[in-house]
Each structure stands twice: as C-alpha cells, then as structure tokens.
Amino acid sequence: MRTAVIGFPRIGKDRELKFATEKYFKNELSEEELVKTAKEIRCYGWEKQKEAGIDFISSNDFSYYDNMLDTAVLFNIIPKRYKDLELSEMGTYYAMARGYQGEKGNVKAFAMKKWFNTNYHYLVPEIEDDADIRLAGNKPIREFIEARDYGALTKVSIIGPFTFLSLARFVGEKTAKDFANVLSKEYVKLILELEKEGAKWIQFDEPYLVRDLSSDEIDLFKEIYNYILSNKGNVKVLLQTYFGDVRDIYKELIGLNFDGIGLDFLEGRKTLDLIKENGFAEDKLLFAGLVKGKNIWRNDYKKTVEIIDELKKYVAEENIVLNTSCSLLHVPYTLDSETKLGDEYKKHFSYAEEKLTELKELSLIIKGEEREELLEKNQELFKGRVNSKNQQVIDRVNAIKEEDYVRLPEFNEREKIQKERFNLPLFPTTTIGSFPQTADVRKNRNDFRKGLITKEEYIAFNQKKIKECIDLQEEIGLDVLVHGEFERNDMVEYFGEHLDGYVFTEKAWVQSYGTRCVKPPVIWGDVSRKEAITVQWSKYAASCTKKEVKGMLTGPVTILNWSFPREDISIKESILQLALAIRDEVLDLEANGINIIQIDEAALREKLPIRRSDWNKEYLDFAIPAFRLVHAKVKPETQIHTHMCYSEFTDIIPAIDAMDADVITFEASRSDLLILDSLKENHFKTEVGPGVYDIHSPRVPSVEEIVNALSKMREKIEDKKLWVNPDCGLKTRGDKETKASLINMVQAAKILRGKA
Ligand code: GLN
Ligand code: ZN
C-alpha cells in the first residue's frame, strides 16, 4: 500500500526558520541567508520523507510565514496600501504579515484567524474590487524544482481556490463569485507551468469542505473545479480535505473528475459511512487519512488495519493510499530531540518523523510483511499506562453539583457592588497581563532552570521586574495593574508545570503563527493542583502599589486546548479536572487579597466543532459551565475578568455572556469592529474591553487612532461598560514601543473622559 503525507513541519527541527526570520527582521541577517536557511529546512523534510519511503511527498507546504498569505501573493492579491509602500518582494510579503511602520509609510497587517479547529493562525487575504488577479509568483514552481533536483518528485500542495476564496475578506462590493472565474484560470496556468517542469500531481487543500455547506457554496465549488479539471492538462489532481468529513458534498466529489480524493477518517466521524453508503469512484485514488496529524500519541495499528480492511470492501487495495489525517504542521518534528523524557512516556509518543515510520510500518502490515510482530508490539502500548489514574481527582469530579456552576448574586447586582468598591474612572485602562519578555527575563528563567542561579536569586530578579513593571504602569497612569508575567514562559506550560498529571517535552515546538511557536505540554493522567501557582507573584505586585493588581490565570478550556490532550478519556472530563484545579488557585488568590482576577480563555473557540450543528452538544454545553465552575465561588465584590484572542466570537456571543465573567477583554483591533454590533444586538451584559490597538505588530498607534477606535466602540457599547486595553498580552513586544503605545492609550482614554 502506498503512503502519503499532506504536509511536513516547516519551522525547522530546532526552530531555525523562526530564529533566522527574527534576525532578518532586526537586520541582523541578510535575505540570502534567510533564503538559504529556508532551503535547508525544506530539504531536511524531503530527506526524512524519502528515507521513510513515503510515496507522495508534498512540496510548497513550506512557508516563510503562512500559506494563505503565500497564495494571495502568488496570485497578486496585494492590497493597494502595501503596493504603495514600494518595498521589495520580501518586504511587501512581511508588511502584509506584520504591518509596516517606517520611512515609507505606516500600514496595518492582514487580520489573523484560527485555521479551522487548530492552534495555527492564518492571515486573512483581503481582496479589493479592482484586484488584478494573475499568476504573478512562482513559489510552488520553484519549490517543486528544488525538490525534484533533490531527488523527490513531489505532489505540489496548494490551498485550493474554493477554500482560499471562502476564507478571504472582500473589502469592496464584490464577492467570491465575482473572482471565481479569473482565479480558476490562474490556477490552471499554474498547473500548466508545473506540468512543464515535470509535475505529476497537484494537491488542492480544500478543508473548507468539512464545514456545513450551503447550496451556493456547493455550486461555487463545482463551477471552480469543473473549469480547472477540464483545462488542467495531464497533471493529476488530488482534492485534499481534513479536520472533518465532507458529508455535504461527498456525492458531488466522487462524480467530479479528480484523480484522487483525500479524506479524514479520524476527525471525520462520518467519512467511513459516506463510503459505505455511496461507494467510491473506480477511477480515483483514495487518500485515507488514518495517521493523526494533530496529536502526539502512537497510532493504534489494530484499529487502523480494521478500518482499512473495511475500506477494501469498497475500494480496490491498489487505489488506497495511506495518508496523514492533516498536515503534520500541527505536531513537532522528532522524538530524537527529547533527551530528558523517560522512555516509559516516549514510547507512547509519535511526532512528525515517527509518524512517517508509522505510515511505513502500517503499509508493511497491510502487505502482510512482519504483520504479527509489528501488530503485537504496537498493541502492548495500549494495554495500560503507568500513573495515569488518580482516584481522588475522579471522586472530586463526580461530586460536582449543579449549584457549583452558578455565581451569585447575579451580574447586575455584582456590577453595582464592584463599581462602588473599585471606584474606577470611566473607561478604565488596563492591559492583558504580560509585559515584554526581554532577554534578561528569559535569561533569568533559563538560568534558574539550569541551576545556574539559586531560587532566591530567581525570585529576587522577578520581584525587581515586577516592581519596575508596577512603577512603569503607575507612571503611565493605567488604572488596573498587572504583575507582568515574568515568571511564565508560556501561559499554558507554566500552569501545567504546577499541576499533577502533566508531562513536559523539551523540544515539542509547534508553529502557532509566523515565527511564533508553542510547546504544548502533554496531559498524561488525571490532573490536580500540586501547590499554589501564582499567589506569591500577585501578592508581591499588590504590595508595590495602592492600585488594584489583577491576578492572572489561564482557564481550563484554554489549558486543555493548548495541551496535547489525552485520547483515553473525554475532553469534557479533562476540562472538569482542570477547572477544579484552577478554582483552587482562584480561591487562593482571593484569600490573599487579590480583588480582581483575570482568567484567560484565549483559546475558547479553538475546539469549537467546525460544523455549527455540533457546537452546543459537543462543546459549548460543557466548556462554558466549566469556566463558571472556576469562578462561581468567589465573593460578589471580587471582579472576574476573562480574555479571548485571535478569534472572532461574533457567533457565540450568548455563550460568552454565559461565562458570567464581570469583564471581558478581546482582540478587535485587527479584525473589523463587526463584533460590536453583535454585542449590542445580543444585549451583552458583561463589561467589555475590545482591544484598541494591535499588539502583534511593533507599530505604535497614535492617540488619534485610539480615540477613533474608542469612539466607534462607544456607539455600540454603553460608556459604563467600556474598558480600554491593548488587544492581547505584550510579551512579544519591546519595551520602547510598549511604553509609547500605552502612553497614547491612556491619553486617548483621558480625552474621551473629557468628552463623556
Ligand atoms: N495574560 C496573557 C498575556 O498577557 C494572555 C495571552 C493571550 O491571550 N494569548 O500574555
Ligand atoms: Zn490574547
């Protein structure tokens, strides 16, 4: 049985691309050197896949920043504001990715959104009415040639036109339909160019097909592909889907002239049934996504072989290609980098490179080679693991009662009590929690970790930073202060380290966006709080000022969503365990005099099922109550904040309100302010701080710009409910721009107070 990989990680085994790009941004590395690093990373991936004997290896799965952005640039979809800057090709690319502030102008970046139900974020292309769509770039061709010369005849992967148009933002009057024709033509040109270079296969990634589709959408899809498939020359086309099943369009798909169809059998709950009920097509290859691209657990060979045996009843064996369920972009590179993790854990893990081995072993098993031996060895892994159960935790979860989810008194009454208690000015100013994680901050943590400094020295340094941070905030004139989060490498890992049931990796980095990576900890067993986590830092910060200091925690849903979750118990059970652990911390903070506590749920939306029809039953119905469980038992006069980012939540406003926090801050500055309308329509009760400037970019917003943003917000949000804050934590920013931006922000709030 042949094997395939949808896409390979691209940030570099040791995050080489991240470091090179960041140096390039600081003018410490030339463009040629960056290009060279990128090439080495691509070749590394091809080498590993060649070694494993993968039959269908992708090219163009690499990106300097993001594949949606690449696709926009490839087809000359570059909004005027970037063209006007007249930068180099690379310069324009990064201006779209990160915004630009310099001699040539001052422009915002593309908006960033979550890539389906993953923790990867893509850039949202903007298509202007007069967009001159044409094949203007040659990245896929260049990378195909590079792979070919390296000895890998790749399938060229590219975001398909349907998904591209469906995720793009149309800034004028026109819509996807208006551009479908011209874009299809340009895709065909690309295919023909690739054919000239000897390409045999092109893979169109169309994950948008796993969403609920309207008939208009289905028509659009058919229009696009009827054209492409009748004009594509001799190149074979693989339609690749992932993250779910394609129930709304399956029948149409098997009737179209594709040469291969890639389906996800893991997240696609109905995929197998679709094939059983409708059959498959004799003239096509089925790329069967059976090795999970999203989690780090070993594949259960027995289960996989069972599914393949079932499939063989409907599809000829030689037409089945064993595939990953999605791109391996969402898992780290290799377990070889994990030098500290015990083998009792490691043997249960599988990163991208180990997944290549799994594909190979599975194909051997199916061929009947080494079948029993490989199967037996694999089955051993699933017979029970060390230390994963904790009866006390299980009992505590079972003892949760309905009233534990309810905070009293209800919101309006609490709002009154808190207004009186805190006596904050109108439009109170605050930040989201972290302050710049400068080199000294990271060094302090690393030195402590390596045993180079004592615990006392480590604490003393952090206290010095906290004191400086508090002084800075007082100088700037912010109203609700934070301690700055200098003790945290990451908002999830830090908590995981203080929880039982977690296992940590050394190098399990996964790209989150652009140059940013996360290292999700692994939920290994039942979770509980080992010790107080943040109390000492918050208490110290509070002792440095007369103003209120917000305690800063990460919520259970986000901790779960940014960890590698267990697959042997349900997500719901894991979330409840985490909620009880964080509740212990909330109550501890309150008992230690912290009167405002922020519980971040940055990733609340992340696990929202892709299909709307599954939202409540399969997610919100337990995720939202789990959040309430965390704070329901605090006093009425304790103010609970929450924060969400990167994601639009216009469509789950009632659920957000049902979290019953007192204040929510969120990202709004990068996307448009549509969300404000829907807050108003839904009579949103929670006080809100829609971010007034974008922290993902180094540019300093002007006072005027912030006043304008706030004025728009005031049209939709009552003055008494409006908070003023950046759109996310400041940890990725530098000291200088942070101070300048916050000064402007406070100034803007003051101007507004004068007008109110
Ligand atoms: N409190 C966190 C911070 O400021 C929140 C980060 C986030 O939302 N991603 O860094
Ligand atoms: Zn955020």
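Start at 1 and go down the list; that is how both ligands and their atoms are numbered. Counting from 1, the numbers follow the sequence of the chain as shown.
Inter-residue side-chain proximity for Val522 and Tyr502 is flagged as unmet; no heavy-atom pair is nearer than 4.5 Å. Side-chain contact check for Arg449 versus Asn489: some heavy-atom pair is nearer than 4.5 Å.
Aromatic ring centres of Tyr351 and Tyr333: separated by at least 6.0 Å.
Those atoms of ligand 1 with a heavy atom of Cys728 less than 4.0 angstrom away are 7 (C), 8 (O), 9 (N). Close contacts of ligand 1 with Asp600, meaning ligand atoms under 4.0 Å from a residue heavy atom, involve 1 (N), 2 (C), 5 (C). Every atom of ligand 1 is numbered from 1 in the order shown, and the set under 4.0 Å from a heavy atom of Gly433 is 4 (O). Close approach of ligand 1 to Lys731 is summarised as follows: ligand atoms under 4.0 Å from at least one heavy atom of the residue are 10 (O). Each of the following atoms of ligand 1 lies closer than 4.0 Å to a heavy atom of Gly729: 3 (C), 4 (O), 10 (O). Ligand-side atoms of ligand 1 in range of Cys645: 7 (C), 8 (O), 9 (N), range being under 4.0 angstrom from any heavy atom.
Applying the ring pair (Phe, Tyr, Trp, His ring centres under 6.0 Å) test to every pair with at least one member in residues 705-728, sequence neighbours left out, gives these pairs: His641-Trp723.
Here Ser434 has heavy atoms under 4.0 Å from ligand 1 in both its backbone and its side chain. Contact annotation: for Met644 versus ligand 1, there are no heavy atoms closer than 4.0 Å.
With 3.5 Å as the limit, one finds no donor-acceptor pair spanning the side chains of Tyr94 and Thr21.
Residues meeting the side-chain contact (heavy atoms from CB on, under 4.5 Å) test with Leu426, sequence neighbours left out: Asp719, Arg753, Ala756.
Of the candidates Leu560, Leu580, Leu629, Ile575 forms a side-chain contact (heavy atoms from CB on, under 4.5 Å) with just one, namely Leu560.
Between Glu22 and Arg15 there is no salt bridge, since no side-chain N of the basic residue sits under 4.0 Å from a carboxylate O of the acidic one.
The shortest N or O to N or O distance between Trp562 and ligand 1 is not under 3.5 Å. Looking at Met491 next to ligand 1, no N or O pair under 3.5 Å apart turns up.
With the Zn ion (ligand 2) as the vertex, atom NE2 of His643 and atom SG of Cys728 span an angle of 130° (nearest 10 degrees).
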